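These notes are about the structure you will find just below.
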Amino acid sequence: MAFNDTISVAKKLLGALLIHESPEGRTVGRIVETEAYLSNDPGSHSFRGRTPRNEQMFGPPGKAYVYFIYGMYHCFNVVTAANGVGEAVLIRALEPVEGISLMKKRRKTEDVQNLCNGPSKLVMAMGITKEHNGHDLKKGCLRIKMIDTRLKIVTTTRIGIKEGAKLPYRFYVKDCEYVSKK
DNA sequence: AGAGCGATGGCCT
DNA sequence: GGCCATCGCTCTA
C-alpha cells in the first residue's frame, strides 16, 4: 500500500493486523485505534524539525518509529508521508488475535481487554522494543498485514497532548471493546 | 466510575 | 531544568 496521505493511512490501518514473530512466540493484534501526526501539526514530535529522537518520522514511509516516553514506556508508530516529510501514525490499541497467553504473561494480567488498550500497553504485549525503531514493517519479524474492511470509524481528538489538542486526528473502530478510550 | 499522583529517564532549550 | 503521544495504584464516592 502507499503510505503517503497520513490521515488516510490512519483510517486504513484500522482492521489491519500487526504481527510479531519473537523468540518467545508469535503475537498478532488487530489495529482498532490510531492517531495521525502531521508535519504542520503542533502536537507532533516532528513539528519543530528533525532531531535525533524523531529522525525516523522523516525517513521513508512504511517503517516503524518507536520512541521512549515518561522514563519507562515506549510507543509504536507507522511512518507515513514521503521521505523528508515528518509524519506518522501512532497505534493506540489492538484487539488481541493470537498469542494471547504470551500477551498475558508480558503484561502480567489475565484481563484480555486490558492487554493492548493503550499505546504502551500494546508495545509491551507485542514484545516491541526500541530495537524495532526504523524496522521495515512490510517484511521481517514485525510486520503489518493490511485488511480490506468496511469498518464504522469514529473520528475524534487525540489523547495526552497539549498542542493541537482540538484537531480531529484520532480514529477508532465504532463499538469496539478494545479501544483505549471512547 | 473518576480524579489525583508518583514512577522514571532521555531529550530539548 | 522542565517536559513528556503513559500506566497503575490509591483515594473518594
Side-chain angles (χ1 to χ4, degrees), chain A residues 3 6-14 16 18 27 29 31-59 61 63-81 85-96 102-135 137 142 144 153-173 176-182:
Chain A
F3 285 90
T6 299
I7 299 278
S8 299
V9 174
K11 294 181 188 173
K12 283 184 192 166
L13 280 170
L14 295 177
L18 180 62
T27 45
I31 297 171
V32 296
E33 180 180 349
T34 60
E35 284 180 0
Y37 286 88
L38 308 191
S39 55
N40 63 346
D41 165 9
S44 174
H45 289 171
S46 59
F47 184 63
R48 290 168 211 287
R50 205 185 276 244
T51 70
R53 178 210 206 189
N54 66 24
E55 177 63 26
Q56 286 301 327
M57 287 188 80
F58 291 85
K63 295 199 173 191
Y65 168 45
V66 180
Y67 66 86
F68 184 61
I69 190 71
Y70 295 121
M72 39 170 74
Y73 300 113
H74 293 273
C75 293
F76 168 74
N77 295 250
V78 178
V79 174
T80 55
V85 180
E87 305 199 346
V89 174
L90 172 68
I91 308 302
R92 282 198 56 91
L94 305 174
E95 173 185 341
L102 178 54
M103 290 185 184
K104 288 177 175 174
K105 182 178 152 200
R106 285 170 170 160
R107 288 275 299 118
K108 304 190 195 317
T109 176
E110 290 295 309
D111 180 358
V112 177
Q113 291 205 172
N114 192 32
L115 293 175
C116 299
N117 62 336
S120 298
K121 293 181 185 181
L122 72 90
V123 160
M124 290 184 267
M126 292 293 291
I128 295 169
T129 70
K130 61 180 174 6
E131 310 304 322
H132 292 103
N133 192 36
H135 178 90
L137 296 169
L142 180 66
I144 288 177
I153 298 173
V154 179
T155 300
T156 181
T157 53
R158 296 174 292 185
I159 292 177
I161 58 169
K162 280 186 174 164
E163 301 294 321
K166 295 176 119 174
L167 294 168
Y169 290 169
R170 184 165 75 101
F171 310 96
Y172 66 85
V173 177
C176 177
E177 297 307 307
Y178 297 95
V179 307
S180 69
K181 188 167 183 285
K182 307 232 176 170

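Keep in mind that this is a model prediction, so the values were computed, not measured. What's counted below: heavy atoms across the whole structure, side chains too, no hydrogens, waters or symmetry copies. Below, chains carry the letters A, B, ... as their sequence lines are ordered, and counting in each starts from 1.
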A/Lys130 atom NZ is separated from B/dC11 atom C1', nearest whole Å, by 15 Å
Which of these nucleotides, C/dA5, C/dG8, C/dC7, is closest to any side-chain atom of A/Asn114? C/dG8
What is the pairing partner of C/dA5, taking Watson-Crick or G-U wobble pairs with both distances under 3.5 Å in any strand? none
Write down the distance between NZ (A/Lys181) and P (C/dA5), rounded to a whole number of angstrom. 17 Å
Could you label the plane-to-plane angle of the A/Tyr65 and A/His45 rings as parallel, tilted or perpendicular, counting under 30° as parallel and over 60° as perpendicular? perpendicular
For the pair A/Asn117 (side chain) and A/Gln113 (backbone), establish whether a donor and an acceptor sit closer than 3.5 Å, ignoring hydrogens and angles. yes
How close or far is atom P of B/dC11 from atom CD of A/Glu55, stated in whole angstroms? 13 Å
note: A/Asn117, atom CG; C/dG8, atom P; distance rounded to Å ~ 8 Å
Using the P atom as the reference point in each nucleotide, state the distance between B/dC5 and C/dA13 in Å, no decimals. 15 Å
Is any side-chain heavy atom of A/Tyr169 closer than 4.5 Å to a side-chain heavy atom of A/Ile7? yes
P-based separation of B/dT8 from C/dT10 [nearest Å]: 15 Å
Under 4.0 Å from OP1 or OP2 of C/dT6: is there any side-chain N or O of A/Arg92 that close? yes
Would you say the side-chain atoms of A/Glu35 pair up with the backbone N or O of A/Ile159, donor to acceptor, closer than 3.5 Å? yes
Output the rounded distance in Å from CD1 (A/Ile69) to P (B/dT8). 16 Å
On a heavy-atom basis, which atom in A/Arg170 and which in A/Arg92 lie closest, and how many Å separate them? CD-CD, 4.1 Å
Tell me which of A/Gly71 and A/Met124 sits closer to the 5' end of DNA chain C, going by the nucleotide each one is nearest to. A/Gly71
Of the nucleotides B/dC12, C/dT6, C/dA5, which one has an atom closest to the side chain of A/Ser44? C/dA5
Listed nucleotide nearest any side-chain atom of A/Pro52, set C/dT6, B/dC12, C/dG8: B/dC12
Rounded to the nearest 0.5 Å, the CG atom of A/Leu38 sits from the CG atom of A/Leu167 at a distance of 8.0 Å
Presence of donor-acceptor pair under 3.5 Å, side chain of A/Tyr70 and base of B/dA7: no
With a cut-off of less than 4.0 Å, is there a side-chain N or O of A/Lys121 near OP1 or OP2 of C/dG8? yes
For A/Met72 and C/dT6, give me the distance from atom CE to atom P, rounded to whole Å. 14 Å
Which part of the nucleic acid, if any, lies within contact of A/Arg107, taking any heavy atom under 4.0 Å across all strands shown: a base, the sugar-phosphate backbone alone, or nothing? sugar-phosphate
A/Thr51 side-chain N/O to B/dC11 phosphate OP1/OP2 under 4.0 Å: no
A/Phe68 side-chain proximity, nearest of B/dA7, B/dG10, B/dC12: B/dG10
Rounded to whole angstrom units, what separation is found between the CZ atom of A/Arg158 and the P atom of C/dT6? 11 Å
Tell me the interatomic distance from A/Ile128, atom CD1, to C/dA5, atom P, rounded to whole angstroms. 18 Å
